[in-house]
Amino acid sequence: MSDSHLPFLGAALAHPYRVGLVLGESQCRYGDLLSVSERVAHFLLRGRSDLREARIVLLAPPGFAYVAAHWGIWRAGGVIVPLALAHPVPELVSLIEDADPELVLVHPNTEKRGIPAAEACGVPWADVVDSLKGPPGTKLSDLFAPMPDAPPLPVIAESRDAHIIYTSGTTGKPKGAVTTHAATRHQVESIARAWEITRHDRVLNALPLHHVHGIVNALLCPLWQGASVELLPRFDPDAIWSSFANLRLSIFMGVPTMYVRLIRAWERMPHERRRVVGWSAGDLRLTISGSAALPAWVRERWEGITEQVIFERYGLTETGMVLTNPPNGTGAGGYVGHPFPSVQVRLRRDGGGLALPGEEGCIEVRGPGLFREYWRRPEETAAAFRDGWFDTGDRAVRHEHNGYRILGRESVDIIKTGGEKVSAFEIEDVLRRHYRVGDCAVVGIPNDEWGEQVSAAVVITRGMAFSTAELRGWVKRHLANYKAPARIIAVDELPRNSMGKVLKDQVRDLFLRAP
Ligand code: MLC
Ligand code: AMP
């Protein structure tokens, strides 16, 4: 196994008998992940010595196959491109075309959309479950056996690309953020140091596995440290409360909407069960929130239920984790704390120069954990940096003791809903293609459960009837369901300035004033 230098394999090689994954009733040891991912690597290599950064799209639900395939892609020298289970075929087609992969790995649960999408792009596909068996002809009974006659796996330089994660931006379609192995290692080491994650931890991961939050923070980081990860196939608040009560978990990471859902599920429980699960959650070592602002009421309610303080951190797909409160719960509510180890952060004042403590500015980030580029978009990559600092587009203020407080985003065209970043332009583009829609403007409206709700003001083509369900259905046919506007109102015309630009603040006001 000449790829044994890959740092993420270190703990697995050192502790092959430790449990790496917990999946419902079954457990999977690190040794199993090593042998099966080696088979995946040989399946992908098909006799070649190195995938040489060929992209492999992975469309699989959280589970053993996902993790084994992820490790296998890296061990074969490939770049993993994890895509969302929520994408309908047209969106998958556009992402696969952009990633230009050599193979799409589908799963029995995703093949209905994954196969037509791969075929529409003319890209070969394979079943991820078949890839676990290794080269064709391997017997299922040999799945976990060593491969003594297999050729060595490639040696992979840390400067090579590791993954492409798609993220929405202020312009049109999502962009692929390319991150190297070295940057990924820095992200993982930084999180592990800040939160003191060790092999004694057991992390509950109910996050989608196509974002840094689910992949890097809640999966790679604990596995890198030799900890165990309980993977849930999807977010289910009742299953999570049961896991708190039945398993000896130490860490839970979620987006604010997940905490809202957990609180609502707790409120529906019989009185006795409430106490049991509430105490169990209180026994966690760390309860972490990120990807969107944590409302004060959620933090307070959670503390009331569990006697456990949720601590908040801040990050981005392009940068990995940037700011964190101390894990001992002493951070102040509403603040995201101080930079992670090896991450540099500064606030750029609007007129130029750096903001002083107490002054508002735009967050800029630098450090070894940053992404390398937007995939095949040199101009957008260049525009994202200023003097080597990445411009996050988020506004904040810094206070000496509590650190940074996020104030919002520079662009009204980026919406965060349920922790998912969506671009207003992308949704407007789809809505405008509907024959009933003359024009439209999409905005994010504050919402207790989702943080922001995607909302659209539409100018309906003269004389046509208007149906919210029809327009939502139209968007869902083209884009992930969380991009479908939750609220749609018809307007005679959109508010515009003298240059003809839509005034999004006024569009927002239309919703805030509407009953
Ligand atoms: C689902 N719905 C949403 C939605 N997700 N509406 C708004 N925003 C969303 N995000 C709608 C669906 O269309 C559906 O409506 C209804 O809500 C229920 O759908 P669901 O599929 O049952 O929802 P659920 O599975 O419960 O999803 C909610 C969720 C999910 C919170 C679990 O959104 C989620 O996993 N969010 C996490 C995203 C994440 O990991 N972000 C990290 C980005 S990385 P209908 O009408 O269709 O029935 C990053 C960097 C960092 O940000 O700092 O971490
Ligand atoms: P993404 O591109 O999906 O990685 O989303 C990154 C964005 O999520 C950031 O630019 C912020 O706008 C937002 N974000 C992440 N963490 C937090 C947080 N703790 N508070 C407020 N916003 C956050």
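Counting starts at 1 for both ligands and their atoms, following the listed order. Here the structure is a predicted model, which is why all the values come from computation and not from measurement.
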Give the residue, atom name and distance (to 0.1 Å) of the protein heavy atom nearest [atom].
atom	answer
atom 6 (C) of ligand 2	Gly315 O, 3.6 Å
atom 16 (N) of ligand 2	Ser291 N, 3.2 Å
atom 18 (C) of ligand 2	Ala292 O, 3.5 Å
atom 5 (O) of ligand 2	Lys416 NZ, 2.8 Å
atom 10 (O) of ligand 2	Asp394 OD2, 2.5 Å
atom 1 (P) of ligand 2	Thr317 OG1, 3.4 Å

For atom 52 (O) of ligand 1, the option (of Arg472, Lys416, Arg234) bearing the nearest heavy atom: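 Minimum heavy-atom distance to atom 52 (O) of ligand 1 goes to Lys416.
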
Nearest candidate to atom 54 (O) of ligand 1, where distance is taken over non-hydrogen atoms, out of Ser291, Ala480, Pro256, Gly254: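 Considering heavy atoms of Ser291, Ala480, Pro256, Gly254, the nearest to atom 54 (O) of ligand 1 sits in Ser291.
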
Positive for side-chain hydrogen bond (donor to acceptor under 3.5 Å, both in side chains) with Lys483, one of His87, Glu91, Glu420: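 Filter result, single survivor: Glu91.
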
Ligand 2 contact by Arg313, heavy-atom criterion under 4.0 angstrom: yes

Test of proximity, Trp450 against ligand 1: N or O pairs below 3.5 Å: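 Such a contact does not occur with ligand 1.
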
Flag: protein heavy atom within less than 4.0 Å of atom 7 (C) of ligand 1: yes

Nearest protein heavy atom under 4.0 Å from atom 20 (P) of ligand 1, yes or no: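 There is no protein heavy atom less than 4.0 Å from atom 20 (P) of ligand 1.
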
Ring centroid separation Trp266 to Tyr259 under 6.0 Å: no

Ring center gap for Tyr435 and Trp474 short of 6.0 angstrom: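 No, the ring of Tyr435 stays outside the 6.0 Å limit from the ring of Trp474, centre to centre.
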
Pairs meeting criterion ring-ring contact (aromatic ring centres under 6.0 Å, His included) with involvement of residues 359-380, two or more places apart: Phe371-Tyr374, Phe371-Phe385, Phe371-Phe390

Asp100: partners by side-chain contact (heavy atoms from CB on, under 4.5 Å), with sequence neighbours left out: Arg55, Arg376

Residue Gly419 vicinity, atoms of ligand 1 by number, heavy atom under 4.0 Å: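 Counting from 1, the qualifying ligand atoms are 38 (C), 39 (C), 41 (N), 42 (C), 43 (C).
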
